[in-house]
Amino acid sequence: MVGFPRALFSGPVEPAARALIGATLLVDGVGGTVVETEAYAPDDAASHSFRGMTGRNAAMFGPPGHAYVYLCYGMHWCLNVVCGVEGHGSAVLIRALAPVQGVETMRERRGIEKLAILCNGPGRLCQALGVARSHDGIDLAAPPFSLVLAEREPDLLVGPRIGITRDVDRPWRFGLAGSPFLSRRF
DNA sequence: CTATAGATAATCT
DNA sequence: GATTATCTATAGG
């Protein structure tokens, strides 16, 4: 497997969310292995794109393979990978990473020592990787980003998504089986 | 271990 | 004015 998986992100969002488990995500050389994702689609009441395009979610309707970054609860940035055809409005939320590269940098940004809680949540991983508004809408195939899929699909956990109030029962949360870096147990 | 509240501000109605 | 794809600290079993 060589090159950025543009074709994968141009297709349906659920397979893309599954394929991202085990991928390596770096920002300026800092990051690790993706161990938890969630899928969001335009016909999905829990999705930001459900009610059409607004100022905040414009990147979600942009080209696939780009980032959609937004602030939630007034203090946490969250990182998504835009999927589907441009203008469609689907994305994969990156919920947790296993820290691999630049661990000391991540520790400094987070202000903690414990590896297990460095990147195990969407807000936490953005703080650890330094992701914020400036990354909204940019291409994940180009610097400062680096995204490489796993060679083989690992064993996956599947469950309902976290922190939403509508379409609560869709089994669109995916995790790496046995990982100690998940944001919550399945 | 689980449960709960409070922080905090952009975005949308 | 209400809502929110969260995190942390603290209290209780």
Side-chain angles (χ1 to χ4, degrees), chain A residues 9 12-21 23 25 27 31-32 34-62 64 66-84 88-99 106-137 140 147 156-176 179-186:
Chain A
F9 299 134
V13 65
E14 195 207 315
R18 289 174 172 271
L20 277 168
I21 301 295
L25 173 68
V27 181
V34 177
V35 297
E36 188 178 336
T37 62
E38 284 177 0
Y40 288 88
D43 66 341
D44 166 9
S47 173
H48 289 170
S49 59
F50 184 63
R51 293 163 200 246
M53 187 158 67
T54 66
R56 172 179 66 165
N57 68 17
M60 228 177 143
F61 294 89
H66 286 222
Y68 165 44
V69 179
Y70 68 92
L71 186 67
C72 90
Y73 295 99
M75 61 194 106
H76 302 294
W77 294 100
C78 296
L79 172 65
N80 299 250
V81 182
V82 176
C83 287
H88 187 241
S90 56
V92 177
L93 172 68
I94 309 296
R95 285 195 58 90
L97 298 183
M106 292 192 271
R107 280 207 247 253
E108 285 171 23
R109 287 177 178 152
R110 293 268 298 120
I112 58 164
E113 291 297 312
K114 251 181 100 89
L115 209 60
I117 60 170
L118 212 49
C119 299
N120 66 330
R124 288 166 170 173
L125 80 86
C126 282
Q127 186 182 11
L129 302 206
V131 171
R133 163 75 55 72
S134 63
H135 298 90
D136 189 37
L140 288 163
L147 180 58
L156 298 187
L157 302 170
V158 181
R161 295 172 292 180
I162 304 282
I164 55 175
T165 55
R166 314 205 278 161
D167 261 305
V168 173
D169 294 328
R170 267 191 215 225
W172 275 13
R173 175 179 178 229
F174 306 101
L176 177 62
S179 173
F181 300 105
L182 300 173
S183 64
R184 291 170 58 171
R185 296 198 87 70
F186 277 71

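Quick caveat, the model's predicted, so the values are computed rather than measured. Convention: sequence-line order gives letters A, B, ...; per-chain numbering from 1.
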Q: Would you say that Cys119(A) contacts Phe181(A) through its side chain, given a criterion of any heavy-atom pair below 4.5 Å between the two side chains?
A: no
Q: Are any of Arg51(A)'s side-chain N or O atoms less than 4.0 Å away from OP1 or OP2 of dT3(C)?
A: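 Answer no for this pair, as no side-chain N or O of Arg51(A) is under 4.0 Å from OP1 or OP2.
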Q: Considering only heavy atoms from C-beta outward, does the side chain of Phe174(A) approach that of Glu14(A) to under 4.5 Å?
A: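 Yes; the side chains approach each other to less than 4.5 Å.
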Q: Show each protein N/O and nucleotides 6-9 of chain C N/O combination with a separation under 3.5 Å, one pair to a line.
A:
from: dT6(C); atom 1: OP1; to: Arg95(A); atom 2: NH1; distance (Å): 3.2
from: dT6(C); atom 1: OP2; to: Gly163(A); atom 2: O; distance (Å): 3.4
from: dT6(C); atom 1: O2; to: His76(A); atom 2: NE2; distance (Å): 2.9
from: dC7(C); atom 1: OP1; to: Pro122(A); atom 2: N; distance (Å): 3.4
from: dC7(C); atom 1: OP1; to: Gly123(A); atom 2: N; distance (Å): 3.0
from: dC7(C); atom 1: OP1; to: Arg124(A); atom 2: N; distance (Å): 3.1
from: dC7(C); atom 1: O4'; to: His76(A); atom 2: NE2; distance (Å): 3.0
from: dT8(C); atom 1: OP1; to: Arg110(A); atom 2: NH1; distance (Å): 3.1
from: dT8(C); atom 1: OP1; to: Arg110(A); atom 2: NH2; distance (Å): 3.4
from: dT8(C); atom 1: OP2; to: Arg124(A); atom 2: NE; distance (Å): 2.6
from: dT8(C); atom 1: OP2; to: Arg124(A); atom 2: NH2; distance (Å): 2.1

Q: To the nearest Å, give me how far apart OH (Tyr40(A)) and P (dT4(C)) are.
A: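 Those two atoms, OH and P, are 12 Å apart.
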Q: Is there side-chain contact between Arg173(A) and Ile162(A), with heavy atoms separated by less than 4.5 Å?
A: yes
Q: Kindly determine whether Leu157(A) and Ile21(A) satisfy side-chain contact (heavy atoms from CB on, under 4.5 Å), including the steps that lead there.
A: CA-CA 10 Å; Leu157(A) 302 170; Ile21(A) 301 295; over 6 Å; no
Q: Just to be sure I understand the rule, does Arg133(A) reach a base, reach only the sugar-phosphate, or reach nothing, if contact means heavy atoms closer than 4.0 Å?
A: sugar-phosphate
Q: What's the CD-C1' distance between Glu36(A) and dA5(C), to the nearest Å?
A: 12 Å
Q: What is the distance, rounded to the nearest whole Å, between atom CG of Asp136(A) and atom C1' of dA10(B)?
A: 13 Å
Q: Rounding to a whole Å, what distance do you find between Asn57(A):CG and dA10(B):P?
A: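 Rounded to whole Å, this separation is 17 Å.
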Q: Does the structure show a Watson-Crick or G-U wobble partner for dA10(B), both distances under 3.5 Å? Name it, or say none.
A: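 Its partner is dT3(C).
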Q: Would you say dA5(C) has OP1 or OP2 under 4.0 Å from some side-chain N or O of Ser47(A)?
A: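 For dA5(C), neither OP1 nor OP2 has a side-chain N or O of Ser47(A) closer than 4.0 Å.
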Q: Among all residues two or more places apart in sequence or in another chain, which pass the salt bridge (charged side-chain N to carboxylate O under 4.0 Å, His left out) test with Asp167(A)?
A: Arg170(A)
Q: Mark yes when over 12 heavy atoms from residues, nucleotides or ligands other than Asp169(A) sit less than 6.0 Å from its CG; otherwise mark no.
A: no
Q: Between atom NE2 in His48(A) and atom C1' in dT3(C), what is the gap in whole Å?
A: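 Computing the His48(A):NE2 to dT3(C):C1' distance gives 10 Å.
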Q: Looking at dA5(B), which nucleotide sits across from it as a Watson-Crick or G-U wobble partner, both distances under 3.5 angstrom, or is there none?
A: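 Paired with dA5(B), as far as the under-3.5 Å criterion goes, is dT8(C).
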Q: Contact class for Arg56(A) (heavy atom, under 4.0 Å): base, sugar-phosphate, or nothing?
A: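 Touches sugar-phosphate only.
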Q: Roughly, in whole Å, what's the span from CG in Leu71(A) to P in dA9(B)?
A: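 Leu71(A) atom CG is separated from dA9(B) atom P by 9 Å.
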Q: Counting C-beta onward and ignoring hydrogens, is there a side-chain heavy-atom pair between Val27(A) and Leu79(A) closer than 4.5 Å?
A: no
